[in-house]
Participant: 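Take a look at the following structure, please.
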Amino acid sequence: MFDIKWIRDNPDAFDQAMSQRKNVSVRASDLIGIDERRRQIISRLNEAQEKRNVFSKQIGQAKAQKDDARAAELMAEVARLKEIIPAGEAEERDVEKELRDALSAIPNMAYDDVPVGDDEAGNVEYFGPNGSPETAAKARPPKPVFAFAPKEHFDIGVAEKDMDFETAAKLSGSRFVILKGQIARLERALGQFMLDLHTSEFGYLEVQPPVLVRDEAMFGTGQLPKFDGDFFFTAHGENRLALIPTAEVPLTNMVRESILAEEELPLRFAALTSCFRSEAGSAGRDTRGMLRQHQFNKVELVSITTPEQAISEHERMLAAAETVLQRLGLHYRVMTLCTGDMGFGARKTYDIEVWLPGQDTYREISSVSVCGDFQARRMEARYRPAGEKQAPRYVHTLNGSGTAVGRCLIAVLENYQQEDGSVLIPEALQPYMNGLTSIGGR
RNA sequence: GGAGAGAUGGCCGAGUGGUCGAAGGCGCACGCCUGGAAAGUGUGUAGGCGGGGAACCGUCUCGAGGGUUCGAAUCCCUCUCUCUCCGCCA
């Protein structure tokens, strides 16, 4: 969420940034108009309140001096103010809500170094902070070479048996899957491996958060109010709870409504959770296979930082997510999303796209975003700078997948498939598979 | 689900109608003390909003909303959340 004061001071920069976003038509002047009305109302109300307070104090003094005539006089004065004040308070509430509602629906502003573009065609490949195509190629696993035509994951022998869409459809409808046997185990191994990597090598604190959250939490990270239709909700008494679309929601909201000490930062949280997405708008895309499901597992990384730490933390988080694919020997590329393709709350996003030989294409497996103070402002999450007494400042928040487990399963299957329908197990995963080196063999 | 207790500043905790944005403690900052540190000691230390170049001034906020009152942290109502006991339960 934007700071109205910033918009007031930088209306042109705001309009410029919004023009680069997709489907956004808001203008700074609209918001400033509301704000001017708001400030007028507040000024008038404050004056009336001040008078009331002064008179009330004088009434107390008059009564103490037994000057009842004076007290009665003042009380009549206050009575008149009390006709004005409640109306002013109601007006203030309304205009505050009007402003907040308007600001809540506005997406974040891209950093200056984000490429400008309308859609994914405008994304730009990224090779690291000081990287080049050559250094990146060295750090990243190569594409696998096949002596046969590689299949899509659902057509691979082992998956035909243990990846069951038909039965899942009977239980839950389309876009659900049942994993069985060694595929189920492989999925579990991937989640464990990722979580262990991030906690032991990158300093993330393992967290097991709720997967049902209130609307306020969804608002805090920016899923609500704009994208209500994309999520599942369960009835809960008079209210509802959302099934998290990503653990970003509970992990980031862990610091909501708090003032942290600077020394505590950065905070780094990692969680392996199920995620639930209704994805109403995506009907028809990727209908085959388990690429796009209503329910999937994902390891999520969240960092809470000072404003100064945010940019380097973004690179660090990307590196943590990349390490997953490097250890698994999966070929991938990294894209910097352009302004038109970024999510609602992001100031800059890197997507990691893993190579899927069965599809002969790269597919998103991780998205790593830095959100600035956008979410912090919605959550009221601040920290107190160390040293001389200073006012609290909003923290900066980052989130990234590290990585999507279901999609990673697809990637392992497609990249390590053998002609006989079996699949080799990457070395890093073997300890999690009781030493198995392949599955689905005869 | 039943019964009871509670929600106050960064944290802990006092405060049952005015002088309370709020005692005391912890923490933190600055100073004194010290060769340096610890200990000790003194002072300071909530946030939002509005106005102002600033110092500062005003206003709101003691879980949330509403009410009583000239005046509410304090009284009344509703809601939310937390804790304890009982029941149920993975």
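To find a chain, count down the sequence lines: A is the first, B the second, and so on, and within it residues start at 1.
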Participant: Quantified in whole Å, what is the P atom distance between nucleotide A23(B) and nucleotide C11(B)?
Facilitator: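 Taking atom P in both A23(B) and C11(B), they lie 16 Å apart.
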Participant: Donor-acceptor pairs are to be reported for all side-chain atoms of residues 395-404 of chain A against protein atoms at under 3.5 Å, with residues two or more places apart or in another chain.
Facilitator:
from      : atom 1 : to        : atom 2 : distance (Å)
Thr397(A) : OG1    : Gln375(A) : OE1    : 2.6
Asn399(A) : ND2    : Glu248(A) : OE2    : 3.2
Ser401(A) : OG     : Ser367(A) : N      : 2.9

Participant: If you find the nucleotide of RNA chain B closest to Pro392(A) and the one closest to Asp35(A), which residue's nucleotide is nearer the 5' end?
Facilitator: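 Nearest-nucleotide comparison on RNA chain B picks Pro392(A).
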Participant: Hey, are the side chains of Glu380(A) and Tyr394(A) touching, using non-hydrogen atoms and a 4.5 Å cut-off?
Facilitator: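 Yes; the side chains approach each other to less than 4.5 Å.
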Participant: Taking the P atom of each, how far is A64(B) from U69(B), in whole Å?
Facilitator: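 Here A64(B) and U69(B) have their P atoms 23 Å from each other.
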Participant: Whenever both distances are under 3.5 Å in a Watson-Crick or G-U wobble pair, mark it; put RNA chain B into dot-bracket that way, with [ ] for crossing pairs and | when the partner is on another strand.
Facilitator: ((((((((.[[[..)..(.....]]]((((((.......))))))((((((....)))))).[[[[[..)....]]]]])))))))....
Participant: State whether Arg363(A) and Asp286(A) are salt-bridged, where the test is any N-O pair (Lys NZ or Arg NE/NH1/NH2 against Asp/Glu carboxylate O) under 4.0 Å.
Facilitator: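 Judged by the 4.0 Å cut-off on N to carboxylate O distance, Arg363(A) and Asp286(A) do form a salt bridge.
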Participant: For G18(B) and Asn53(A) - does any side-chain N or O of the residue sit under 4.0 Å from the phosphate oxygens OP1/OP2?
Facilitator: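 False: Asn53(A) side-chain N/O out of range (4.0 Å or more) of G18(B) OP1/OP2.
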Participant: In whole Å, I'd like the distance from the CD1 atom of Ile85(A) to the C1' atom of C70(B).
Facilitator: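 Whole-Å distance recorded here is 11 Å.
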Participant: Taking atom C1' in both C86(B) and C76(B), compute the distance separating them and give it to the nearest angstrom.
Facilitator: 31 Å
Participant: What interatomic distance, in whole Å, is found between P of G63(B) and the corresponding atom of G21(B)?
Facilitator: 15 Å
Participant: Check the distance between G53(B)'s P and Asp9(A)'s CG and give it to me in whole angstrom.
Facilitator: 13 Å
Participant: Can a side chain N or O of Arg93(A) be found less than 4.0 Å away from OP1 or OP2 on G65(B)?
Facilitator: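 Negative; the distance criterion is not met.
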Participant: Please write out each protein N/O paired with an N/O of nucleotides 88-90 of chain B under 3.5 Å, distance rounded to 0.1 Å.
Facilitator:
none

Participant: Rounding to a whole Å, what distance do you find between Arg52(A):CZ and G58(B):P?
Facilitator: 15 Å
Participant: Taking atom C1' in both G25(B) and U8(B), what distance in whole Å separates the two?
Facilitator: 15 Å
Participant: Please give, in whole Å, the distance from C49(B) P to Ile34(A) CD1?
Facilitator: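 The distance from CD1 of Ile34(A) to P of C49(B) comes to 17 Å, rounded to the nearest Å.
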Participant: Round to a whole Å and report the spacing from CD of Glu98(A) to P of C49(B).
Facilitator: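 In whole Å, C49(B) P and Glu98(A) CD are 19 Å from each other.
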Participant: Tell me the interatomic distance from Glu50(A), atom CD, to G51(B), atom P, rounded to whole angstroms.
Facilitator: 15 Å
Participant: For nucleotides G27(B) and A38(B), find the distance between their P atoms and express it as a whole number of Å.
Facilitator: 12 Å
Participant: Suppose you measure atom P in C70(B) against the same atom in G65(B); what distance do you get, rounded to whole Å?
Facilitator: 23 Å
Participant: With no hydrogens and no angle check, just 3.5 Å: does a side-chain donor-acceptor pair link Glu322(A) and Tyr332(A)?
Facilitator: yes
Participant: With a 4.0 Å limit, can you tell me whether Arg214(A) has a side-chain N or O closer than that to the phosphate oxygens OP1/OP2 of U80(B)?
Facilitator: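 Checking U80(B) against Arg214(A), no side-chain N or O comes under 4.0 Å of OP1 or OP2.
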Participant: Can a donor-acceptor pair be found, under 3.5 Å and without considering hydrogens, that links the side chain of Gln293(A) to the backbone of Val177(A)?
Facilitator: yes
Participant: Before we go on, tell me: are the rings of Phe154(A) and Phe165(A) under 6.0 Å apart, centre to centre?
Facilitator: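 Ring-ring flag for Phe154(A)/Phe165(A): false, centres at least 6.0 Å apart.
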Participant: I'd like the C1' distance from G15(B) over to U19(B), given in whole Å.
Facilitator: 15 Å
Participant: Quick one: are Met317(A) and Ser303(A) in side-chain contact, heavy atoms under 4.5 Å?
Facilitator: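 When only atoms from C-beta onward are counted, Ser303(A) and Met317(A) do touch, with a gap below 4.5 Å.
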Participant: Among residues 39-47 of chain A, which contact RNA chain B at a heavy-atom distance under 4.0 Å?
Facilitator: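 Heavy-atom cutoff 4.0 Å gives Arg39(A), Ile42(A), Ser43(A), Asn46(A).
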Participant: How far does CD1 of Ile244(A) sit from CD of Glu300(A), to the nearest 0.5 angstrom?
Facilitator: 9.0 Å
Participant: So does Lys51(A) get a side-chain nitrogen or oxygen closer than 4.0 Å to the phosphate oxygens (OP1/OP2) of G58(B)?
Facilitator: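 No, outside the criterion.
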Participant: With rounding to the nearest 0.5 angstrom, report the CG to CG distance, Asp94(A) to Leu99(A).
Facilitator: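 Output value for this atom pair is 12.5 Å.
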Participant: In a table with atom names and distances, give each donor-acceptor pair under 3.5 Å that connects a side chain of residues 212-220 of chain A to protein atoms at least two apart or in another chain.
Facilitator:
from      : atom 1 : to        : atom 2 : distance (Å)
Asp215(A) : OD1    : Arg240(A) : NE     : 3.1
Asp215(A) : OD2    : Arg240(A) : NE     : 3.1
Asp215(A) : OD2    : Arg240(A) : NH2    : 2.8

Participant: Whole angstroms only, please: what is the CD-P distance between Glu96(A) and U61(B)?
Facilitator: 14 Å
Participant: Which nucleotide in the list G48(B), C70(B), C60(B) gets nearest to the side chain of Gln49(A)?
Facilitator: C60(B)
Participant: Just to verify, what does Phe193(A) make a ring pair (Phe, Tyr, Trp, His ring centres under 6.0 Å) with, not counting sequence neighbours?
Facilitator: none
Participant: Closer than 4.0 Å, any side-chain N/O of Arg38(A) to the OP1 or OP2 of G48(B)?
Facilitator: no
Participant: Could you tell me whether Arg100(A) contacts a base, only the sugar-phosphate backbone, or nothing, with contacts defined as non-hydrogen atoms closer than 4.0 Å?
Facilitator: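 Nothing, no nucleic acid heavy atom in range.
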Participant: Please determine, by modelled atom types, if Lys348(A) and Thr336(A) share a side-chain donor-acceptor pair under 3.5 angstrom.
Facilitator: no
Participant: Taking atom types as modelled, find out whether Asp164(A) and Thr167(A) have a side-chain donor-acceptor pair closer than 3.5 angstrom.
Facilitator: yes
Participant: Need to verify one output field. Residue with the more 5' nearest nucleotide on RNA chain B, Ile259(A) or Met75(A)?
Facilitator: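 The answer here is Ile259(A).
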Participant: Can you check the Glu380(A) CD to G48(B) P distance for me, whole Å?
Facilitator: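 Rounded to whole Å, this separation is 8 Å.
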